Amino acid sequence: MLEPIEAEFARPPIYTAEQEEALRDEEVESPGVLSQAGLERHRTQLSRVASTHLTRVGTHTPDSAEVEKGDGEILVEFQEGEGPRNWPKGKKWLATMSTSALCLTVALGSAMPTGDLSGTAEGLHVSDEAIYLSITLFVVGFGVGPLVFAPLSEIIGRKPIYCISMFFYFIFTLPSCLAKNIATMLAGRMLAGIASSAPMTNVGGTISDIWAVEDRGIPMAVFSSAIFMGPCLGPLFGGWISYKTGQWRWIYWVLFILVGVVFAATLIMPETLGIVILKKRAAKLNKANKTNRYVTAHQKLHQASGVTFGQTLKTAMIRPFILMFLEPIVLFMSFYLSFVYALLYATFFAFPIAFEEIRGWNPGMTGVAFLSIVIGIFFALFLMPIQEKLYARKPGCPESRLYPMMLGAIFLPISLFIIAFTGAYARVHWMGMMVGGALFGFCMVSVYISANSYIVDSYADVAASAVAAKTLMRSLIGASVPLWITQLFHNLGFQYAGLFLALVSCCIGFIPYIFFFKGESVRKASKRAMKS
């Protein structure tokens with residue numbers, strides 16, 4: 001079972017090394033797998049597999065005499081010093097930087113076209129509302145794709161999923177470059193969005209494959225920067241490309257070239273999932289020795305469980321909806337995160353109104369304004385280690401992870417008030433918008449990391465499904481934003497539209513506080529949440 005990427009952001013870590021291993025060996029999420037009884041059961045299964053084999057070998061090719069020792073199966077496993085977590089630092093960083101580049105490219109793909117949506121609409125002879133669907137459909141793909149890509153990566157490995165995903169992302173970006181009508185544009189964007197969703201789903205698994213729990217600080221900081229900055233850098237790059245070339249198509253051509261380069265990089269990326277590396281090694285040994293005696297512990301556990309891929313896929317697609325509608329923590333935290341995600345996409349349309357329509361800036365300089373959000377993101381990431389000290393006040397309690405979210409819930413309305421009443425008037429200095437943008441970036445990351453950590457910690461046994469529920473809701477709500485946000489700002493006026501969003505954030509700001517004080521009672525009443 002895939003460990004959700006959201007678990008990697010949590011500090012201190014949610015899962016121990018043993019719990020990660022137990023999760024990885026589970027074919028289907030099973031409540032209680034991380035309890036003491038569940039972990040003991042996992043140890044017993046592994047020892048039973050090991051004890052029933054005549055011989056155990058590492059990933060080297062054994063002597064032919066090894067095969068002739070008996071008729072029993074031979075267990076292929078990593079010996080001391082082998083395995084992805086024992087790779088040289090250079091190889092680990094190659095995998096880390098490669099996967100971070102994947103996520104950055106995907107994030108850019110969702111936001112770069114906002115650099116010149118009006119030019120695209122004019123070029124394709126459609127309304128602005130029609131071209132906004134190109135953003136909507138791409139983001140919808142983010143929510144749909146993970147339901148299939150997540151369980152599939154645990155069977156065939158991380159690298160094949162990355163390669164397949166980026167290849168189709170590359171191919172389906174081409175229709176946007178060449179589109180002569182809106183139908184071609186929208187079909188290409190929808191398919192590109194679905195294809196590109198795999199990196200966002202699987203990178204958490206890659207990080208946990210190669211880095212031990214205690215060594216993930218810097219790698220996660222690098223990855224976090226890529227995943228959070230990508231959407232903010234998209235309008236910057238898209239705006240300048242459009243402004244300097246005078247052609248909206250060059251936005252897609254640059255994206256097409258970038259995706260192609262990143263796809264080429266995935267071809268040399270090493271496989272990081274240990275169970276797949278061992279499975280391939282066992283198959284190679286069986287072929288070389290013309291036998292079928294070489295097996296891995298994961299294969300034996302899979303055979304014993306009797307779980308098929310169809311069952312795994314069914315669980316992955318049904319359980320998220322169960323958790324979304326029956327678990328208050330998942331429902332309300334997902335809604336809050338969806339609102340924050342919607343605000344991020346709202347800035348892609350609000351900033352051009354504030355700077356281009358009201359102040360007369362060009363698209364390139366409007367893109368530069370998004371760096372204010374990036375500054376806030378960096379500031380939040382820099383302060384995240386403080387969470388460890390706050391968590392130490394009541395360790396082992398999921399509610400102890402809510403401190404950053406409670407802080408973010410206070411400052412989020414303030415940031416929106418600042419944006420509303422400084423962006424609406426050309427006479428007000430542009431620095432006011434920059435302050436509001438920076439404060440919003442800080443709140444966004446504080447809320448995102450804290451709320452996701454709380455969801456994963458509260459539903460550690462079924463975290464992948466809980467996160468999938470959140471991702472689906474977030475993507476669908478975020479995808480709706482382009483369809484109504486411009487009308488909201490034009491019809492109400494910039495200041496009152498911003499005021500409306502600020503007031504909504506005030507109304508839902510109590511959510512983290514309710515769960516901080518009452519979350520333990522909610523978890524105790526739940527059949528699926530962790531009790532402690």
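Computed from a predicted model, the values in this text were never measured in an experiment.
In this structure, I418 and V435 approach most closely via the heavy-atom pair CD1-CG1, 4.4 Å. Nearest approach of T114 to L117, heavy atoms of both residues: CA-CG, 3.7 Å. Between G230 and L104, the shortest heavy-atom contact is CA-CD1, 3.7 Å. Contact between P84 and D209 at its shortest, heavy atoms only, is CB-O, 3.6 Å. Pairing each heavy atom of T105 with each of Y169, the nearest pair is O-OH, 3.2 Å. Here the closest non-hydrogen pair linking A469 and M324 is O-CE, 3.2 Å.
If you take CE on M444 and CD1 on I449, they are separated by 10.0 Å, rounding to the nearest 0.5 Å. Summarising the geometry, atom NZ belonging to K470 is positioned 15.0 Å from atom OH belonging to Y336; distances are rounded to the nearest 0.5 Å. Between atom CD1 of residue I511 and atom CE of residue M405 there is a gap of 6.5 Å, rounded to the nearest 0.5 Å.
You'll find the side chain of F168 stays beyond 4.5 Å of the side chain of I194, heavy atoms only. Residues L344 and P231 meet the side-chain proximity criterion, which asks for heavy atoms closer than 4.5 Å. Between I410 and Y513 the shortest side-chain heavy-atom distance falls below 4.5 Å. With contacts defined as side-chain heavy-atom distances shorter than 4.5 Å, the pair L94/M269 does not qualify. Side-chain contact between S98 and K159 is absent, with no heavy atoms from C-beta onward closer than 4.5 Å.
Using the six-membered ring where Trp is involved, F489 and F494 have ring planes that are tilted, between 30° and 60° apart. Aromatic ring pairs are classed by plane angle as parallel below 30°, tilted from 30° to 60° and perpendicular above 60°; the pair F515 and F332 is tilted.
When atom types are taken as modelled, the side chain of S165 and the backbone of A195 share a donor-acceptor pair closer than 3.5 angstrom. Within the 3.5 Å criterion, the main-chain N or O of T96 finds a donor-acceptor partner in the side chain of T99. Within the 3.5 Å criterion, the main-chain N or O of K394 finds a donor-acceptor partner in the side chain of S400. Judged purely by atom type and a 3.5 angstrom limit, E399 has no side-chain atom pairing as donor or acceptor with the backbone of Y454. Using modelled atom types, one side-chain atom of S372 and one backbone atom of A369 make a donor-acceptor pair closer than 3.5 Å. Between the side chain of K92 and the main chain of R85, a donor-acceptor pair closer than 3.5 Å is present.
Under a cut-off of 6.0 angstrom, the local environment of CZ in F421 is crowded, with over 12 non-hydrogen atoms contributed by other residues, nucleotides or ligands. In the displayed structure, F516 atom CZ is contacted under 6.0 Å by more than 12 heavy atoms of other residues, nucleotides or ligands. Applying the 6.0 Å contact sphere to CZ of F382 captures no more than 12 heavy atoms from other residues, nucleotides or ligands. For F321, the CZ atom counts as loosely surrounded, since its 6.0 Å shell holds 12 or fewer non-hydrogen atoms of other residues, nucleotides or ligands.
With R474 as the partner, the side chain to side chain contact (heavy atoms under 4.5 Å, CB included) test is satisfied by one option alone out of F335, F339, Y448: Y448. F442 pairs in a side chain to side chain contact (heavy atoms under 4.5 Å, CB included) with only one of the listed residues (L412, V447, I377, L383), which is L383.
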Passes side chain to side chain donor-acceptor pair (under 3.5 Å), S450 versus Q387? Steps please. CA-CA 9 Å; S450 178; Q387 164 64 9; 5.9 Å; no

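A centroid separation of 6.0 Å or more is found between the aromatic rings of W87 and W211. Between Y345 and Y341, the gap from one ring centroid to the other is short of 6.0 Å.
Remark: R393 is positioned above the aromatic ring of Y403, its terminal NZ or CZ atom under 6.0 angstrom from the ring centre and at most 45 degrees off the axis.
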Counting only pairs under 3.5 Å, give me each side-chain donor-acceptor contact of residues 133-145, with atom names and distances, residues two or more places apart or in other chains.
| from | atom 1 | to | atom 2 | distance (Å) |
| --- | --- | --- | --- | --- |
| S134 | OG | I131 | O | 2.6 |
| T136 | OG1 | A479 | O | 2.6 |

